[in-house]
Amino acid sequence: IYLTVNFGSCRIDIAFATAPGGDFFDPHRQIQDEAMGRKPVWSLDYYTRYFDVDTKQVLQRCFHSMYPIGLFEDVLNDNPDLYGPFWVTTTVIFTTFVSSSLAASIVAYMHSTPYVYNFGTLSFAVFVLYSYTFGSAILVWASTKYYGCQPSLLNIINMYGYSMTAWVPVSILCVMPYDIVRWILVAVAFALTAVFLIKNLYSIIARADAKTSRLLLIGILIGHAIFAITLKLSFYSNDFRDAANDTPT
Amino acid sequence: MLSPSKQHSPAYTSADNGQFDNPFAQSSSDAILSNDGYIEPDLDLSGQSTTRPSYPPTSSAPPTSQPNPFAQPTGRIGTTYQPQAATTTSGYTGEDTLDEPVSVTIMRDLRQVALKLRQVLYPQGNKNVLRDWDLWGPLILCLALAITLSAEAPADQAVAIFTGVFVIVWIGAAVVTLNAKVLGGAVSFFQSVCVIGYCLFPLVLVSFITIFVKTVWVRLPLAAITFAWSTYASVGFLSESEIHLSNRRALAVYPLCLFYLVIAWLILIS
């Protein structure tokens, strides 16, 4: 991070040393930009750099996250974007809400009770999904940075964001009223996304010493497992047997 | 108010003493609207409210109805000036609007809103109507939708649903517009929010119908058709301005689809 403070004639330059591989707060790029008089941080044009993708590239990245052969960084091609993480997460929120309310309404229809949907599900879904995708990406970035692994925040956000693609078909399929099928689907999604995340984060984690990297790995996996279980229990758990006792909370 | 007498022209000297006319001898409107002493502004003020009617001084015949400098345009700042005869749908009426009764003022805005709603219903014809953006229409539609959906909900959820629908509509429209802008499209922010808000109109109609019709077999095709209608209308309006988005049209259209899908789903399950 490079800060320039101007007090009239006096000028103070404060430079925070960041790792040369850093992306978001790349000191060299920021100096270049300011020297060439490019866009300031508060203008909308500054963020067009993070949305410089075409439709084909986004679809390619989504597909690769579900079929993780090869490294994700090669697919990113040094052009990480913010479009994918945000909109894939929003899609997952929407499909989760749809499938949850659809399952509950089917249950109510089969028992001929009037269905009342719970709007709190939507707000809870928004909270859980956005905080998991962006929050855990920031946590992973912060902890790897603390241990000196030189991570790139934008790359990590991209990995977490595109890994959400696997939850879209799973949440649609979880409308099925068989609990065992739902658990299997959630387990499959968990395994697929965990493989994708670990495979791509491994190169970053391995730069720390052996014990810390093992701890980080376990931490990531546990976080991911908690997320998967939360999704399953809150959204994919409408049991058709006890619909009569079901009251909206 | 610029006084267009020769007194202010740069060529005035004391030799012109007997020749300058008293600006207050004429009626003020004549002095403003007459061609002599027209002081050309340095900047292009066309489209903005100035104390001079902003027709170019080289035009041979001034327009028959003088555009009123006090009439408030909505969203015309930055657009090129068009002669009065061509646009029948702009906010200018050509007369002094300060003295009219309140009902006339309100009716004029309501008529504009109704005109735009009709444009949404039949998305062919003159697409320039929605360029005069205003946010009254989207606000009315959003409130109607939120009230309808929260009125049908159980009492403990009514407030949450009203808040949720309101937030979803406005923040959703803003996010979709920002997304289109940041991807490189050349859309004006408020114009896009206005278009997205107005295209909610078919969905609002369906939500009124769902108050009376509870069977899903009627609701589902209605919701699907109006969702497709809203999306088609808004994509049609916005695609004229998204000239820079060659490979990214799907990326900009998809959030729009998602937005209307969310609203349609909320209406369907209410």
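Protein chains get the first letters and strands the later ones, always in sequence-line order, with residue 1 at the start of each.
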Structural part of [X] lying under 4.5 Å from a heavy atom of chain B:
X      : answer
A/S123 : neither
A/L122 : side chain
A/V98  : both
A/D81  : neither

How long is the straight-line distance from CZ of A/F119 back to CG of B/D156, given to the nearest 0.5 Å? 13.5 Å
Could you measure the distance from the CH2 atom of B/W265 to the CG atom of A/L102? Nearest 0.5 Å is fine. 4.5 Å
Do other residues, nucleotides or ligands put more than 12 heavy atoms under 6.0 Å from [X] [atom1]?
X      : atom1 : answer
A/K56  : NZ    : no
B/W136 : CH2   : no
B/I171 : CD1   : no

Do A/T55 and B/R249 make a side-chain contact, defined as non-hydrogen atoms from C-beta onward lying under 4.5 Å apart?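 They are not in side-chain contact.
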Do the non-hydrogen side-chain atoms of A/W87 and B/V175 ever get within less than 4.5 Å of each other? yes
Where do A/Y83 and B/P255 come nearest, in terms of heavy atoms and distance?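 Taking every non-hydrogen atom into account, OH-CD, 3.9 Å.
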Heavy-atom closest pair (A/F94 atom, B/L261 atom, distance to 0.1 Å) is CE2-CD2, 3.4 Å
Which atoms of B/L251 are under 4.5 Å from chain A, going by heavy atoms: the side chain, the backbone, both sets, or neither?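 Both parts, backbone and side chain.
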Identify which part of B/L268 has an atom lying under 4.5 Å from any heavy atom of chain A, answering side chain, backbone, both or neither.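 No part of B/L268 comes within 4.5 Å of chain A.
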Return the option, out of A/F97, A/F86, A/Y47, with the maximum number of heavy-atom pairs under 4.5 Å with chain B.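 Counting heavy-atom pairs under 4.5 Å, the top option is A/F97.
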